[in-house]
Amino acid sequence: MKTFTEVVELSREDSGPSNCIVRVHNLHIAHFKRRQLVVIKHPATGRRTLRYVMGGGGKVKGLTKTTLAIDYDALVDLGVTRTKSGLTLEMRKANWLDAFGWYWNSPDVLVMLNWRFLLVAMALTLISFVDLVVGKFIPQ
């Protein structure tokens with residue numbers, strides 16, 4: 001887990017529900033791989049959000065080793081309203097349960113619906129498979 005103390009806003013081209021990224025100093029890319037899903041938590045509010053991590057790439061001004069570059073939606077999710085410095089944010093790799101919950105409630109409607117249809121299809125396939133197997137071994 002890494003701790004960050006400042007936040008800068010992402011540019012418009014990197015922002016929005018279709019991108020869902022956080023930019024960090026390239027030093028942190030050794031720990032967090034590019035496009036890896038991470039959990040960002042604001043301990044003061046207890047709120048969290050998930051984003052895909054990307055390196056700075058020289059695109060974000062003011063990005064240091066203790067600074068995160070995140071979009072407005074992530075700031076709202078974390079409960080950061082006015083102060084963007086002097087706060088503490090924790091970032092860690094997301095596990096499968098974090099990812100499942102995030103995809104289930106994704107801000108991108110297409111991702112959310114695709115994920116829900118996938119789970120319904122998997123459940124129906126499992127029910128059909130169990131019915132087929134049970135039908136083979138139990139005479140009617």
Side-chain angles (χ1 to χ4, degrees):
M1 179 168 40
K2 299 280 184 182
T3 303
F4 299 89
T5 57
E6 292 182 65
V7 171
V8 294
E9 269 194 67
L10 280 175
S11 63
R12 287 185 184 221
E13 65 187 27
D14 285 342
S15 299
S18 61
N19 286 337
C20 291
I21 66 170
V22 58
R23 289 201 180 268
V24 297
H25 192 273
N26 288 337
L27 173 78
H28 298 297
I29 293 299
H31 183 25
F32 300 107
K33 295 192 176 33
R34 187 176 185 272
R35 294 301 246 165
Q36 181 179 30
L37 195 60
V38 294
V39 177
I40 304 168
K41 184 177 179 184
H42 188 216
T45 61
R47 297 169 77 175
R48 64 191 193 118
T49 187
L50 276 76
R51 293 289 186 261
Y52 294 103
V53 70
M54 300 277 287
K59 293 183 176 184
V60 181
K61 292 186 180 187
L63 192 62
T64 65
K65 297 176 187 177
T66 60
T67 305
L68 284 179
I70 54 180
D71 61 346
Y72 175 78
D73 294 327
L75 291 173
V76 170
D77 289 347
L78 294 170
V80 177
T81 54
R82 297 179 187 190
T83 307
K84 294 181 184 173
S85 61
L87 52 92
T88 302
L89 297 175
E90 298 171 350
M91 188 167 75
R92 66 172 172 82
K93 297 175 185 176
N95 58 32
W96 69 271
L97 193 58
D98 294 326
F100 178 82
W102 188 63
Y103 283 129
W104 187 260
N105 298 312
S106 176
D108 188 355
V109 176
L110 294 177
V111 171
M112 179 186 66
L113 288 176
N114 285 334
W115 186 253
R116 290 179 181 193
F117 286 144
L118 169 78
L119 291 178
V120 169
M122 286 176 56
L124 292 174
T125 302
L126 183 63
I127 290 168
S128 176
F129 180 73
V130 168
D131 183 46
L132 178 71
V133 170
V134 169
K136 293 270 187 186
F137 295 109
I138 299 177
Q140 295 182 6

Undergrad: Judged by atom type as modelled, is there a donor-acceptor pair below 3.5 Å linking the side chain of N114 to the main-chain atoms of L110?
TA: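 Indeed, once roles are kept as given, a pair shorter than 3.5 Å links the two residues.
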Undergrad: Which heavy atom of M1 sits nearest to which heavy atom of H31, and what is that distance?
TA: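 Heavy atoms of M1 and H31 come nearest at N-NE2, 4.1 Å.
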Undergrad: Look up atom CZ in R23 and atom CG in L68, then write down how far apart they are to the nearest 0.5 Å.
TA: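 R23 CZ to L68 CG: 12.5 Å, rounded to 0.5 Å.
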Undergrad: Applying side chain to side chain contact (heavy atoms under 4.5 Å, CB included), run through V24 and I29 and close with a yes or a no.
TA: CA-CA 8 Å; V24 297; I29 293 299; 4.1 Å; yes
Undergrad: Could you check K41, R48, R51 and say which one makes a salt bridge (charged side-chain N to carboxylate O under 4.0 Å, His left out) with D98?
TA: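 Passing option: R48.
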Undergrad: Can you name the nearest heavy-atom pair linking L78 to R47, along with the distance?
TA: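 That closest heavy-atom pairing would be CD2-O, 3.7 Å.
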Undergrad: Apply side chain to side chain contact (heavy atoms under 4.5 Å, CB included) to V8 and K61, showing your working.
TA: CA-CA 8 Å; V8 294; K61 292 186 180 187; over 6 Å; no
Undergrad: Is the shortest heavy-atom distance from the side chain of V7 to the side chain of L89 under 4.5 Å?
TA: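 SC-SC contact between V7 and L89 confirmed.
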Undergrad: Can you see which heavy atom on R34 is nearest to which on M54, and at what distance?
TA: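 Answer, listing the atom of R34 first, then M54: NH2-CE, 3.3 Å.
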Undergrad: Would F100 and L119 satisfy side chain to side chain contact (heavy atoms under 4.5 Å, CB included), going step by step from the backbone distance to the final call?
TA: CA-CA 11 Å; F100 178 82; L119 291 178; 3.4 Å; yes
Undergrad: Calculate, to the nearest 0.5 Å, the distance between atoms CG and CD belonging to L63 and E6 respectively.
TA: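 L63 CG to E6 CD: 10.0 Å, rounded to 0.5 Å.
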Undergrad: To the closest 0.5 Å, what do you measure between CD1 (I70) and OG1 (T49)?
TA: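 It is 8.0 Å, given to the nearest 0.5 Å.
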Undergrad: Could you grab the distance from atom CZ of R116 to atom CH2 of W104, nearest 0.5 Å is fine?
TA: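 Going from the CZ atom of R116 to the CH2 atom of W104 covers 5.0 Å.
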Undergrad: Measuring from M91:CE to L50:CG, what's the distance to the nearest 0.5 Å?
TA: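 Output value for this atom pair is 11.5 Å.
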Undergrad: Are V111 and L118 connected in a single hydrophobic cluster, I mean Ile/Leu/Val/Met/Phe/Trp/Tyr linked by side-chain heavy atoms less than 4.5 Å apart?
TA: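 Yes; V111 is reachable from L118 via cluster members.
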Undergrad: What are the two closest non-hydrogen atoms of Y72 and E9, and how far apart are they?
TA: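 Shortest heavy-atom contact: CB-OE1, 4.1 Å.
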Undergrad: Do I21 and Y103 belong together in a cluster built from hydrophobic side chains that touch within less than 4.5 Å?
TA: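 I21 and Y103: one cluster.
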Undergrad: Look at the side chain of H25 and the backbone N and O of G56, then say whether any donor-acceptor pair between them is shorter than 3.5 Å.
TA: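 Such a contact is absent between H25 side chain and G56 backbone.
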Undergrad: Using side chain to side chain contact (heavy atoms under 4.5 Å, CB included), reason through K33 and V53 one step at a time and then give a plain yes or no.
TA: CA-CA 7 Å; K33 295 192 176 33; V53 70; over 6 Å; no
Undergrad: From L124 CG over to M122 CE, what is the distance, rounded to the nearest 0.5 angstrom?
TA: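 The distance works out to 11.0 Å.
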Undergrad: At their closest point, which heavy atom of L37 faces which heavy atom of A99, and how far apart are they?
TA: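 Looks like CD2-CB, 3.6 Å.
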